Amino acid sequence: MAKKGLKLKPGHSKEDRKQLRQSLGSLRSLTVQPVTRKRYEEGLQRFYAYLGRENLDLPTKRDKMDHLVSDYIE
């Protein structure tokens with residue numbers, strides 16, 4: 001569900017709209033909700049813990065990553 005944006009009433013200037021956009025934060029920070037970002041970070045920490053328990057290194061090549069993530073999920 002998308003977050004409702006702040007709206008200005010008609011008649012506000014371009015500068016008012018610019019200030020409002022700046023107060024919302026960066027576009028990057030607005031694309032993922034904080035609760036979702038927290039879940040992503042927790043999942044990543046669990047994955048890193050798995051790597052540590054299994055004495056595995058994070059691959060530097062993408063083609064090696066698929067197999068590793070598949071094993072982790074299973």
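What you see is a predicted model, and the numbers here were worked out from it, not measured in a lab. In this chain, numbering begins with 1 at the start of the sequence shown.
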Passes side chain to side chain contact (heavy atoms under 4.5 Å, CB included), Leu20 versus Arg17? Steps please.
CA-CA 5 Å; Leu20 176 63; Arg17 291 189 304 273; 5.6 Å; no
Do the charged groups of Glu41 and Arg37 touch, with an N to O distance under 4.0 Å?
no
Honestly curious: do Leu44 and Tyr40 fall in one hydrophobic cluster under the side-chain, below-4.5 Å linking rule?
no
Taking distance alone, no hydrogens or angles, what donor-acceptor pairs closer than 3.5 Å link side-chain atoms of residues 66-74 to residues at least two apart or in another chain?
| residue | atom | partner | partner atom | Å |
| --- | --- | --- | --- | --- |
| His67 | NE2 | Asp71 | OD2 | 3.2 |
| Ser70 | OG | Asp66 | O | 2.8 |

Rounded to the nearest 0.5 angstrom, the CG-CD distance for Leu24 and Gln22 is 10.0 Å
